[in-house]
Amino acid sequence: MKSGKFGFLKHYRRIRIEGTNLCELINKCIKNEIELKNLHWKNNIESTVELPGEEFSRFRKLAGHSCRIYVIKEGGAVPVFRSFKANLLTVAGAFLLGALIFYQSLFIAEIRIEGYRSIDEASIREVLAEAGLYEGVRKPGDYNDVKNAIYENFEKITWVSIYENGRMVKVNIAEAGNTEEAEVEETSPVDIVAERSGIIERVIPLKGNAKVQKGDYVNKGDVLISGRYKYQSTDYSKGDDFLVMYSHAEGQVLAKVPKRLTYYIEKNKREKTPEGKWIPGVSIRAGDLKIDTADAFNRFEASVRYEKRVVNIVKPLPVDIRLVKINQVALTEKRQSPDKIRKVVEAAVRQYARENLGKDEKILDMDVDYTESQGLIKADVLLELLEDIGSEKPVKIKKEEKKSKETTP
């Protein structure tokens with residue numbers, strides 16, 4: 001039995017012993033070389049003592065059932081390590097939680113569009129997606145490219161503001177009003193002139209004087225609807241001269257015009273024939289992490305990929321999971337039939353009509369001339385279109401007319 005204290009790092013226990021055979025227990029410890037320190041007798045049946053932590057189990061065996069032992073305090077490296085370990089897990093958990101919250105904040109969970117009137121929201125979202133702005137994508141930080149894409153695709157939009165509010169991105173837009181345009185139309189005298197040559201089919205003058213009629217052939221620049229009126233003065237004191245009045249001509253002039261289109265079609269069509277072998281897999285995208293098991297094991301020279309989305313969420317993290325199947329195929333070339341080539345050209349012409357012709361405009365006739373070259377078939381398409389060929393042209397007021405206009409009461 002020694003006095004003093006154990007070292008700072010040495011593991012020890014301070015215990016309270018209750019029993020009637022304390023002296024006998026102390027003698028057993030001395031005999032078995034169990035180091036005891038700071039022994040304090042409280043009374044004949046209770047005392048306190050310190051002993052090394054690794055000797056505690058031997059001490060309990062020596063005490064047997066004749067004494068009751070309570071651990072009052074533990075010291076040294078072991079309890080410090082236990083406390084550090086418990087706190088470390090808490091700190092690590094808090095750190096991981098904070099890292100997860102921060103990582104979530106890097107991705108867009110919602111896009112809110114405000115301010116549009118005549119443009120539908122689906123079209124705006126489609127343009128945003130093509131520019132790289134959609135739910136689940138990492139925040140780009142700089143939205144200049146997105147703004148430019150909106151300006152390029154929507155002429156009516158005059159102002160765009162994009163800013164972040166947490167994980168939500170707000171897109172505010174403003175469309176051009178009609179007030180200013182109406183004022184220009186009322187004060188600016190214009191003629192409706194021909195944008196291109198053609199044979200007039202229909203003239204609908206809403207404001208101004210029609211200068212052509214059905215069947216007339218017009219050249220580019222000819223006046224179709226004039227914004228200049230001549231009228232005879234009713235002021236007899238100033239004579240009966242003819243005066244000129246100007247207006248903003250409006251109307252529609254439909255004419256038959258020729259249009260040439262050229263398309264190139266591959267002479268041979270590549271076909272993909274399944275060979276019976278396939279690879280299953282899964283594609284997982286979570287934030288910036290992407291795993292594609294099927295693509296990793298794909299060793300086919302030619303293959304076709306099929307996907308089926310099973311999970312698509314953006315909160316709390318963007319996660320996209322798809323089942324993947326990659327089929328091995330053999331590539332062969334087969335000459336396209338004339339009927340197939342004709343259908344391809346007709347589909348291309350219909351697409352041109354959808355993208356370029358207005359409500360009352362249409363294709364009246366079509367003639368196609370095919371020529372072959374190595375690997376390609378050239379289709380020269382001559383269309384007869386019914387188009388609105390009118391465009392506005394400011395009227396130049398002559399000095400004499402301007403003077404008579406100023407002197408007219």
Side-chain angles (χ1 to χ4, degrees), residues 119-120 122-123 125-127 129-130 149 152-155 194-204 212 214-220 222 224 252-278 300-309 324-391:
I119 305 172
D120 62 288
S123 300
R125 287 187 177 273
E126 184 178 351
V127 172
E130 291 177 356
E152 291 174 1
N153 285 272
F154 303 104
E155 294 182 356
E195 277 190 328
R196 60 187 70 87
S197 302
I199 299 175
I200 301 301
E201 183 69 19
R202 188 167 68 215
V203 183
I204 306 174
V212 294
K214 182 177 179 179
D216 289 347
Y217 180 84
V218 296
N219 292 307
K220 181 178 180 181
D222 289 349
L224 306 176
Q252 184 183 53
V253 182
L254 296 174
K256 295 179 181 179
V257 297
K259 179 69 177 180
R260 290 188 178 274
L261 302 174
T262 302
Y263 299 103
Y264 293 91
I265 304 99
E266 290 186 355
K267 188 185 299 184
N268 298 323
K269 181 180 179 182
R270 181 173 293 180
E271 294 185 348
K272 300 176 181 178
T273 306
E275 294 194 335
K277 296 182 180 180
W278 56 281
F300 299 145
E301 292 185 4
S303 60
V304 178
R305 180 185 178 96
Y306 301 95
E307 296 182 353
K308 182 180 180 181
R309 176 178 284 169
V324 180
K325 182 181 180 182
I326 297 181
N327 287 346
Q328 184 182 17
V329 296
L331 300 179
T332 57
E333 288 190 351
K334 183 179 179 182
R335 185 179 177 86
Q336 298 200 67
S337 65
D339 185 59
K340 178 65 176 178
I341 294 174
R342 178 181 57 81
K343 290 181 178 179
V344 171
V345 174
E346 290 177 352
V349 172
R350 289 195 298 271
Q351 180 68 21
Y352 168 81
R354 282 194 298 268
E355 294 177 353
N356 297 276
L357 299 185
K359 179 181 178 182
D360 296 324
E361 299 175 325
K362 58 183 177 180
I363 297 174
L364 299 176
D365 196 9
M366 179 176 72
D367 183 61
V368 186
D369 183 29
Y370 297 98
T371 56
E372 288 192 30
S373 61
Q374 187 174 4
L376 293 175
I377 295 177
K378 180 182 178 183
D380 289 308
V381 182
L382 177 60
L383 300 177
E384 185 181 48
L385 304 177
L386 183 66
E387 280 191 332
D388 186 353
I389 63 171
S391 64

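Note that this is a predicted model, so its numbers are computed, not measured.
We find the NZ-OG1 distance between Lys269 and Thr332 to be 10.5 Å, quoted to the nearest 0.5 Å. With rounding to the nearest 0.5 angstrom, the CG atom of Asp222 is 10.0 Å from the CG atom of Asp216. Rounded to the nearest 0.5 Å, atoms CG (Asp120) and CZ (Arg125) are 11.5 Å apart. Distance check: Ile377 CD1 to Thr371 OG1 gives 9.0 Å after rounding to the nearest 0.5 Å. Expressed to the nearest 0.5 Å, how far CZ of Arg335 lies from NZ of Lys340 amounts to 15.0 Å. Of the inter-residue distances, the one linking Leu376 atom CG with Tyr263 atom OH reads 16.0 Å to the nearest 0.5 angstrom.
In this structure, Arg270 places its CZ atom where only 12 or fewer heavy-atom neighbours from other residues, nucleotides or ligands lie under 6.0 Å away. The number of heavy-atom neighbours closer than 6.0 Å to CD of Glu372, taken from other residues, nucleotides and ligands shown, is above 12. For NZ of Lys272, the number of neighbouring non-hydrogen atoms (other residues, nucleotides, ligands) closer than 6.0 Å is 12 at most. Taking a 6.0 Å sphere around CD of Glu266, one finds it holds 12 or fewer heavy atoms contributed by other residues, nucleotides or ligands.
Between Val381 and Met366, the shortest heavy-atom distance links the atoms CG1-CG, 3.8 Å. Among all heavy-atom pairs drawn from Val329 and Glu275, the shortest one is C-CG, 4.1 Å. The shortest non-hydrogen separation linking Gly390 to Leu224 is CA-CD1, 4.1 Å. The minimum heavy-atom distance between Phe154 and Ile119, with the atom names listed, is CE2-CG2, 3.6 Å. Scanning all heavy atoms of the two residues, the minimum distance from Val345 to Ala379 falls at CG2-CB, 3.8 Å. The heavy-atom pair separating Pro258 from Leu382 by the smallest distance is CB-CD1, 4.4 Å.
Note on Glu387 versus Lys259: no salt bridge recorded, every NZ/NE/NH1/NH2 to OD/OE distance being 4.0 Å or above.
Contact check for Glu201 versus Lys214: side-chain heavy atoms found under the 4.5 Å cut-off. Contact check for Asn327 versus Pro274: no side-chain heavy atoms found under the 4.5 Å cut-off.
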Candidate pair Arg260 and Asp380, rule side-chain contact (heavy atoms from CB on, under 4.5 Å), full reasoning:
CA-CA 7 Å; Arg260 290 188 178 274; Asp380 289 308; 5.5 Å; no

message: Could you walk me through whether Asn268 and Gln336 satisfy the side-chain contact (heavy atoms from CB on, under 4.5 Å) test, starting with their C-alpha distance in whole Å, then the side-chain angles of each, then the deciding distance to 0.1 Å, before giving a yes or no?
response: CA-CA 5 Å; Asn268 298 323; Gln336 298 200 67; over 6 Å; no

Given Val368 and Val349, is the side-chain contact (heavy atoms from CB on, under 4.5 Å) satisfied, shown in steps? CA-CA 11 Å; Val368 186; Val349 172; over 6 Å; no

* How far apart are the C-alpha atoms of Val212 and Val203, what are their side-chain angles, what is the distance that settles it, and do they pass the side-chain contact (heavy atoms from CB on, under 4.5 Å) test? -> CA-CA 8 Å; Val212 294; Val203 183; 3.9 Å; yes

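The side chain to side chain contact (heavy atoms under 4.5 Å, CB included) with Glu361 is formed by just one residue from the set Asp388, Leu386, Leu385; it is Asp388.
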Show every donor-acceptor pair shorter than 3.5 Å between a side-chain atom in residues 352-359 and any protein atom, with sequence neighbours excluded, or say none if there are none.
from   : atom 1 : to     : atom 2 : distance (Å)
Arg354 : NH2    : Gln351 : OE1    : 2.5
Glu355 : OE2    : Gln351 : NE2    : 2.5
Asn356 : ND2    : Tyr352 : O      : 2.9

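Glu384 contributes no side-chain N or O that, together with a main-chain N or O of Lys256, makes up a donor-acceptor pair within less than 3.5 Å.
Residues satisfying the side chain to side chain contact (heavy atoms under 4.5 Å, CB included) test with Asp360, not counting sequence neighbours, are Arg202, Gln252, Leu254.
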